[in-house]
Visitor: 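I'd like to ask you about the structure that follows.
This chain uses plain numbering: 1 for the first residue, then up along the sequence.
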Amino acid sequence: MRLSIFVPHSPRSASEIEPYVGPLRDGHDGRLWLGQSMNIEPHQLLSSLDGIDTGTAVTLAPLRHPVDAALQARSVALCTGGTHVAGFGAGSRRFQTGLRGEPYASPLTAMAEYLSSVRELVTEGTARRAGEYFTVTADLPPLETSARVEIAAGVLRAGMARVAGRYCDAAITWLTPPEFIRDELVPAMAESADAAGRASRPRVVAVVHVVLDHPDRDPLHQVITASRMHLGMPHYRKMLTAAGIPLEEDLVVDAALLVERGVYCFGSPADVVDQLSRWDDCGVDEVVLNLAGVAFTTDDGSAVRADLDAILHEWALRQAVIPA
């Protein structure tokens, strides 16, 4: 299992991502992930990271046509020289309405059209589609052999897992218990990939919140600060309920449940790495460390870097990369 790093906020300058890039520049073999930012366009920021593997988890499909999405993804791979994982999501119904005038009547159909078009453009350089939501007639120059783009989708439930199984190289989960990934999402992806004649299912990338235990930190405050927005979204609440986590209409109770059930990994660096083994055991191929709790409650890049260094050091010890 690969261990990567997520930038949990919307950067206002390139310097703000340095605490997250630093471990990768120092030799840790991971990927840097950005979400959708409304300050700096994530693809432009990632394109400045020469020699770093990158990913978006996720950018929102209503913001850009599939041709532009393919161009943005190719640009990152060409500029960095690393592999870029282009992750996409439909966004909330409110977001879709704000950009389109109405939500997608079928988000699964919309994303299937979108992902298949972007995939064709980055792999074959051409796409021809007159779909219900997207019309694409475009050709792009051949992609240099040194540049590699993978297509990914944000996946929370079985329906989107089946779409990813058909069209994607990777499926990206968020706040998702590993057992739910193993029991619900992976089988749906594998079945869909097999039906589509693909050689293997998409690999699974899990964005996982981690909170190190310090005397001046309240883990519940960190959970609430980091995940208040997601815990208010119906599709996240439905996924967590289906995964056996009985959320209440009380953020403190919900936060405690997420820590108790290990959706948030909390404790010492050794404790956190122990807990991350659940994702490895459940077939996850890449865990992306999300330190939103400390980032949002301290606004201190040095604290983020210190926590990342402690977790990655413990991880390296377990992998026998460095001597104990």
Side-chain angles (χ1 to χ4, degrees), residues 1-26 28-37 39-40 42 45-46 49 52-58 87 172-178 205-231 236 255 258-259 262-280 284 286-316 318:
M1 185 177 76
R2 193 178 195 186
L3 201 62
S4 295
I5 300 170
F6 185 74
V7 179
H9 54 82
S10 295
R12 293 158 294 185
S13 68
S15 64
E16 288 188 6
I17 70 170
E18 281 305 313
Y20 308 93
V21 179
L24 304 176
R25 296 197 192 282
D26 292 344
H28 175 69
D29 181 25
R31 183 183 309 276
L32 186 77
W33 292 83
L34 280 176
Q36 182 63 62
S37 170
N39 285 321
I40 299 177
L45 191 55
L46 291 173
L49 302 177
I52 302 286
D53 286 343
T54 58
T56 51
V58 293
I172 303 167
T173 69
W174 186 289
L175 280 181
T176 309
V205 178
V207 181
V208 179
H209 286 75
V210 293
V211 180
L212 288 190
D213 187 11
H214 287 298
D216 59 345
R217 292 182 186 170
D218 176 358
L220 299 189
H221 175 58
Q222 290 208 345
V223 173
I224 292 169
T225 303
S227 292
R228 181 186 300 271
M229 180 180 71
H230 290 92
L231 288 174
Y236 280 93
L258 293 180
V259 174
V263 177
Y264 269 70
C265 296
F266 170 71
S268 68
D271 294 333
V272 166
V273 171
D274 283 343
Q275 293 168 55
L276 291 176
S277 67
R278 290 171 55 214
W279 276 264
D280 195 9
V284 170
E286 181 176 352
V287 158
V288 185
L289 299 175
N290 185 349
L291 280 85
V294 64
F296 292 176
T297 56
T298 68
D299 195 28
D300 183 353
S302 62
V304 170
R305 178 64 195 266
D307 282 17
L308 275 173
D309 284 348
I311 294 168
L312 295 176
H313 179 76
E314 181 66 29
W315 174 260
R318 304 290 182 91

Visitor: State, to 0.1 Å, how close Gly262 and Cys265 come at their nearest heavy-atom pair, and which atoms those are.
Guide: O-SG, 4.3 Å

Visitor: Taking the side chain from Ser227 and the backbone from His230, do they hold a donor-acceptor pair closer than 3.5 Å?
Guide: no

Visitor: How long is the straight-line distance from CG of Leu3 back to CD1 of Ile5, given to the nearest 0.5 Å?
Guide: 7.5 Å

Visitor: Kindly say whether Asp280 contributes a backbone atom to a donor-acceptor pair with the side chain of Ser277 at under 3.5 angstrom?
Guide: no

Visitor: Could you walk me through whether Asp274 and Arg318 pass the side chain to side chain contact (heavy atoms under 4.5 Å, CB included) test, one step at a time?
Guide: CA-CA 10 Å; Asp274 283 343; Arg318 304 290 182 91; 2.8 Å; yes

Visitor: How many angstroms lie between atom CG of Leu34 and atom NE2 of His9, to the nearest 0.5 angstrom?
Guide: 9.0 Å

Visitor: Nearest 0.5 Å, please: how far is CG in Leu308 from CG in Leu212?
Guide: 9.0 Å

Visitor: Which heavy atom in Pro19 sits nearest to a heavy atom in Arg305, and how many Å separate them?
Guide: O-CD, 3.4 Å

Visitor: Measure across Ala303 and Val294 and return the closest heavy-atom pair with its distance rounded to 0.1 Å.
Guide: CB-CG2, 4.0 Å

Visitor: Any chance you could measure Trp33, atom CH2, to Leu289, atom CG, to the nearest 0.5 Å?
Guide: 13.0 Å

Visitor: Rounded at 0.5 Å granularity, tell me how far CZ in Arg31 sits from OG1 in Thr54.
Guide: 6.5 Å

Visitor: Is there a side-chain contact between Trp174 and Asn290, using heavy atoms and a 4.5 Å cut-off?
Guide: yes

Visitor: Locate the shortest heavy-atom distance separating Val211 from Val272; write the atom from each residue and the value.
Guide: O-CG2, 4.3 Å

Visitor: Picking from Phe266, Tyr264, Phe296, what satisfies ring pair (Phe, Tyr, Trp, His ring centres under 6.0 Å) with His209?
Guide: Tyr264

Visitor: Start with the C-alpha distance between His214 and Asp307, add both sets of side-chain angles, then the distance that settles side chain to side chain contact (heavy atoms under 4.5 Å, CB included), and finish with yes or no.
Guide: CA-CA 10 Å; His214 287 298; Asp307 282 17; 3.7 Å; yes

Visitor: Dump the intermediate steps for salt bridge (charged side-chain N to carboxylate O under 4.0 Å, His left out) on Asp213 and Arg217, then the final yes or no.
Guide: CA-CA 7 Å; Asp213 187 11; Arg217 292 182 186 170; over 6 Å; no

Visitor: Is there a side-chain contact between Val223 and Val263 (heavy atoms, below 4.5 Å)?
Guide: no

Visitor: Heavy atoms only: give me the nearest Val207-Ala57 pair and the separation to one decimal.
Guide: CG2-CB, 4.5 Å

Visitor: Quick one: does Leu258's side chain get under 4.5 Å of Leu231's, heavy atoms only?
Guide: yes

Visitor: Tell me, with the steps shown, if Leu49 and Arg25 meet side chain to side chain contact (heavy atoms under 4.5 Å, CB included).
Guide: CA-CA 10 Å; Leu49 302 177; Arg25 296 197 192 282; 3.6 Å; yes

Visitor: Output the distance between atom NE2 (His28) and atom CZ (Arg2), rounded to the nearest 0.5 Å.
Guide: 7.5 Å

Visitor: Is a side-chain N or O of Asp26 found less than 3.5 angstrom from the main chain of Pro23, in a donor-acceptor match?
Guide: no

Visitor: Would you say Thr56's side chain and Gly87's backbone share a donor-acceptor pair under 3.5 angstrom?
Guide: yes

Visitor: Between Ser10 and Asn39, which heavy-atom pair has the shortest distance, and what is it?
Guide: O-ND2, 2.9 Å

